[in-house]
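Shown next, in C-alpha cells, is the structure this report addresses.
Because only heavy atoms are used, hydrogens play no part in the values below, and waters and symmetry mates are left out as well, while side chains stay in. Order of listing sets the numbers, starting from 1, for every ligand and every atom in it.
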Amino acid sequence: MDYQSIITEIAGELEQIPKQGELAVYIPELAKVDPNKFALNIHTIEYQDYNFGDVDDRFSIQSISKVFALTKAYMIHGSDLWKRVGVEPSGNPFNSLVQLEYENGIPRNPFINAGALVIADILCDSLEHPKEDMISFVRKLSGNNSINYNIKVAESEKNMGYNNAAQINLMKSFGNINNDIEYVLDFYYHLCSIEMSVKELSKSFMLYVNHGVLMPENERLLNYSRSKRMNALMQTCGFYDEAGQFSFKVGLPGKSGVGGGIVAIYPEKYSVAVWSPLLNKKGNSFLGMKALEMLTTKTRLSIF
Ligand code: GLU
C-alpha cells in the first residue's frame, strides 16, 4: 500500500475545502492555537511511518488522554471498573449533566467527561503519585520521555471548569466519587493538558493495533479480551455524540479531543493520527474527520 502518495493526495484535496469550524475557545489557552495547523501520521505494524504537515508539533491531546487513563485503570482493576461506569454510547454532548442525574451518577461510558472523572477518581485511589505515574505511562506507550503536561492549559481549564465541577459534585452526591473533588479535578485537567505530536500519538496507539501488546518491547499490557473491549469502546463512544457518524464515514475505532486531534486504529495494520484545530459543532476536528474518511475510502481499509 502506497500510504505516502495517498496521504499527499488527501492533503491536496483538503486544501480545496473551505475551512470550517471553531477553536475550543471555552479553554482560553486553546483559543490561542494557530487554526491553520495540519498534521497527519500513519504508523504501521511494520514500523513504517508516513507523514504530512506539522507532524513534530505537539498539541493539547485533551480527551484522547481518556484512552490512556482507562487503559491504566483497566490494567489495575479489570472488570470491577464497570460497576462505576457504563459502556454504552451516551448520544448526548460529552459534558451533559442531564443523563447523569437520571442514571444516578453512573456515567454512560469512560469517554464522556463524567466517565473520565470517575476513572480519574479510581486512579487517584490506586496510584501513589497519580500525575507522575500517568505521565510515565504515556511516555512508555509512546517511547518518548519528553512528553509532559502543559500546566498553563491545565490552569486555564481549571479556571473555567464550572461544568466539570458540576459533574463531579453531582457524582459525589450519588456516592460515585471517593476522593476530594479538587484533587481529582486537578488530576483530570492535567491529563487533558498532555501535549503530544501526531507521530507520538499514533505510536502510542499501536498498543490497540497490536491487541494489547506494547511494541517493540513485546510486553503485554492488556489481555486480548480487554484490548478488544478498549477498541469497542473507542468505536462506539470515542467521538462524542458523533460516534455513529464517525463509524458511518470513517469506520475505525478511535478517539478525538477538543485540541483538534483524532487517533484511530485498524487492528493488526496501522494507527493514524491527524491534527487540525478547527472543530465541528460536535467537537470533532472538521478537517481531521474528512481526512480520515478519505483515508479509509482510498485505502479500502476501514474495519467495515
Ligand atoms: N478538557 C476538556 C473538558 O473537560 C476535554 C474535552 C475533550 O477533549 O473532549 O472539557
Note to self: If you compare all heavy atoms of Asn176 against all heavy atoms of Asp121, which two are closest, and at what distance to 0.1 Å?
What the structure shows: O-OD2, 4.2 Å

Check [X] against ligand 1 and report side chain, backbone, both or neither, counting heavy atoms closer than 4.0 Å.
| X | result |
| --- | --- |
| Ser63 | both |
| Asn113 | side chain |
| Tyr189 | neither |
| Asn164 | side chain |

Next item on the list: Give me the ring orientation class for Tyr149 and His190: parallel if the planes are under 30° apart, tilted from 30 to 60°, perpendicular past 60°.
Entry: perpendicular

Note to self: Under 3.5 Å between any N/O of Val258 and any N/O of ligand 1: does that happen in this structure?
What the structure shows: yes

Notebook entry, point to check: Do any nitrogen or oxygen atoms of Ser256 come within less than 3.5 Å of a nitrogen or oxygen of ligand 1?
Noted result: no

[X] heavy atoms, cut-off 4.0 Å: which ligand 1 atoms fall inside?
| X | result |
| --- | --- |
| Gly257 | 8 (O) |
| Tyr240 | 7 (C), 8 (O), 9 (O) |
| Cys192 | 1 (N) |

Item checked: Short side-chain donor-acceptor distance under 3.5 Å, Lys228 and Ser225 -> no

Note to self: Could you tell me if Asp49 and Asn41 have a donor-acceptor pair between their side chains, going purely by distance under 3.5 Å?
What the structure shows: yes

Item checked: 4.5 Å side-chain heavy-atom contact, Ile27 and Met160 -> no

Taking [atom] as the reference point, the nearest protein heavy atom with its distance:
| atom | result |
| --- | --- |
| atom 3 (C) of ligand 1 | Glu157 OE2, 2.9 Å |
| atom 4 (O) of ligand 1 | Tyr188 OH, 2.6 Å |
| atom 10 (O) of ligand 1 | Tyr26 OH, 2.7 Å |

Next item on the list: May I ask you to check whether Tyr270 and Tyr3 place their ring centers less than 6.0 Å from one another?
Entry: yes

Check: Do Phe68 and Phe205 have their ring centres less than 6.0 Å from each other?
Finding: yes

Checklist line | Arg220 side-chain N/O to His211 backbone N/O, donor-acceptor pair under 3.5 Å | finding: yes

